[in-house]
Amino acid sequence: MLNIVLLEPEIPANTGNIGRTCVALGAKLHLIEPMGFVINDKQVKRAGLDYWDKLDYVIYDSYPDFLRLNPGAVIYMATTKAKKIYSDVEYEDDCYVMFGKESAGIPEEILVKDPEHAVRIPMYNDIRSLNLGNSVAILAYEFARQHGFSNLQTEGDLHRLSWDKKNDI
């Protein structure tokens with residue numbers, strides 16, 4: 001299982017979208033306070049639509065609290081400051097991928113403690129960063145791909161579609 005960690009998220013819609021991505025992948029979401037909203041915020045639930053009740057999530061009081069309650073966790077840190085590209089890493093089962101708050105990312109004092117586990121998404125130099133929800137989706141689906149999309153539906157069923165013969169090409 002993948003663990004997605006949001007360190008001090010600020011925008012409820014991003015967290016709602018990330019929650020929906022976690023449900024789609026069977027990932028667990030870890031939210032670290034302080035957050036820029038309350039979890040019952042209607043914007044969070046609206047972004048997660050009807051999936052929020054299916055989300056496996058935990059809220060921590062602080063980053064030290066998160067570390068204390070997850071001893072020995074292998075934590076990859078998504079940051080524009082990393083030298084390693086996210087797709088060059090082999091993600092262990094049950095690893096954690098942490099993302100910082102939208103306005104500042106992961107604090108440098110955390111990044112310098114374990115630079116080998118820092119990963120980046122390549123982009124043009126003029127771009128400060130991607131949207132947090134997009135970044136989470138990119139790394140989460142790389143994890144899923146590396147693990148063979150296990151437990152995920154990988155095929156659709158075209159035979160179940162109802163085709164309108166008048167519009168058939």
Side-chain angles (χ1 to χ4, degrees), residues 1-33 35-37 39 41 43-60 63 66-67 69-70 72-107 110-111 114-124 127-156:
M1 175 190 348
L2 174 62
N3 294 278
I4 298 294
V5 181
L6 301 183
L7 178 64
E8 303 176 5
E10 299 167 315
I11 301 173
N14 284 340
T15 300
N17 286 325
I18 291 164
R20 187 173 182 164
T21 298
C22 288
V23 170
L25 287 170
K28 184 171 186 173
L29 180 60
H30 302 260
L31 301 166
I32 301 174
E33 296 273 11
M35 295 187 288
F37 52 88
I39 205 65
D41 188 315
Q43 290 178 329
V44 173
K45 292 194 178 187
R46 184 181 307 136
L49 297 171
D50 56 345
Y51 294 92
W52 197 254
D53 64 327
K54 296 172 179 62
L55 177 63
D56 182 7
Y57 71 96
V58 147
I59 299 174
Y60 303 90
Y63 184 62
F66 165 77
L67 292 175
L69 293 170
N70 295 285
V74 176
I75 306 168
Y76 292 94
M77 300 170 288
T79 175
T80 58
K81 298 170 181 75
K83 294 181 187 235
K84 193 180 299 184
I85 296 174
Y86 76 96
S87 57
D88 291 340
V89 171
E90 289 186 33
Y91 298 96
E92 299 91 338
D93 196 22
D94 292 326
C95 71
Y96 294 72
V97 182
M98 183 167 67
F99 299 83
K101 62 183 167 184
E102 291 91 338
S103 65
I106 298 172
I110 294 174
L111 293 171
D114 193 10
E116 285 302 307
H117 281 98
V119 297
R120 70 173 291 117
I121 299 169
M123 61 189 104
Y124 279 108
I127 303 298
R128 184 173 48 90
S129 65
L130 293 171
N131 170 274
L132 183 60
N134 293 339
S135 297
V136 169
I138 290 168
L139 271 78
Y141 272 88
E142 174 62 16
F143 173 92
R145 184 193 68 78
Q146 287 185 16
H147 291 267
F149 298 108
S150 72
N151 300 321
L152 300 180
Q153 183 177 342
T154 58
E155 294 181 0

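- Taking 4.5 Å as the limit, some side-chain heavy atom of C95 sits within range of a side-chain heavy atom of F143.
- Of all the heavy atoms in K101 and E8, the pair that sits closest is CB-O, 2.8 Å.
- Put simply, the side chain of Y96 does not reach to within 4.5 Å of the side chain of I4, judged on heavy atoms.
- In this structure the side chain of F66 reaches within 4.5 angstrom of the side chain of H30, judged on heavy atoms.
- One N or O on the side chain of E10 and one on the backbone of S103 form a donor-acceptor pair closer than 3.5 Å.
- Counting all heavy atoms, side chain and backbone alike, H117 lies closest to I75 at CB-O, 3.2 Å.
- By the 4.5 Å heavy-atom criterion applied to side chains, F99 and I18 are not counted as neighbours.
- Enclosure of atom CG in N151 is not indicated, since only 12 or fewer non-hydrogen atoms of other residues, nucleotides or ligands lie within 6.0 angstrom.
- M123 CE to L130 CG: the interatomic distance, rounded to the nearest 0.5 Å, is 4.5 Å.
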Problem - side chain to side chain contact (heavy atoms under 4.5 Å, CB included) between C22 and D56, intermediate numbers included - result: CA-CA 8 Å; C22 288; D56 182 7; over 6 Å; no

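- Side chains of H147 and D93 form a contact here, defined as non-hydrogen atoms less than 4.5 Å apart.
- Taking the side chain as every heavy atom from C-beta outward, L25 and L152 approach each other to under 4.5 Å.
- Between V97 and N3, the closest side-chain pair of non-hydrogen atoms is not below 4.5 Å.
- Here D94 contributes atom CG and M1 contributes atom CE; the two are 6.5 Å apart, rounded to the nearest 0.5 Å.
- With rounding to the nearest 0.5 Å, the separation of CZ in R120 from NZ in K81 is 10.0 Å.
- Listed here is the closest heavy atom pair of Y91 and Y86: OH-O, 2.7 Å.
- The side-chain heavy atoms of S135 and I121, taken from C-beta on, include a pair separated by under 4.5 Å.
- Between A78 and L139, the shortest heavy-atom contact is CB-CD2, 4.2 Å.
- Note that the OG1 atom of T80 and the CD1 atom of I127 stand 12.0 Å from one another [nearest 0.5 Å].
- Here E116 pairs with K84 under the salt bridge (charged side-chain N to carboxylate O under 4.0 Å, His left out) rule; sequence neighbours left out.
- Here the closest heavy-atom approach between residue I106 and residue G100 is recorded as CG1-N, 3.4 Å.
- For the residue pair E33 and Y63, no side-chain donor N or O sits within less than 3.5 Å of a side-chain acceptor on the partner.
- Shown here for M98 and I110, the closest heavy-atom pair between the two residues is CE-CG2, 3.9 Å.
- Rounded to the nearest 0.5 Å, atoms CD (E92) and CG (L2) are 11.5 Å apart.
- To the nearest 0.5 Å, the span separating CG on L31 from CG on L6 amounts to 5.5 Å.
- No donor-acceptor distance shorter than 3.5 angstrom exists from the side chain of N70 to the backbone of A73, with no hydrogens or angles considered.
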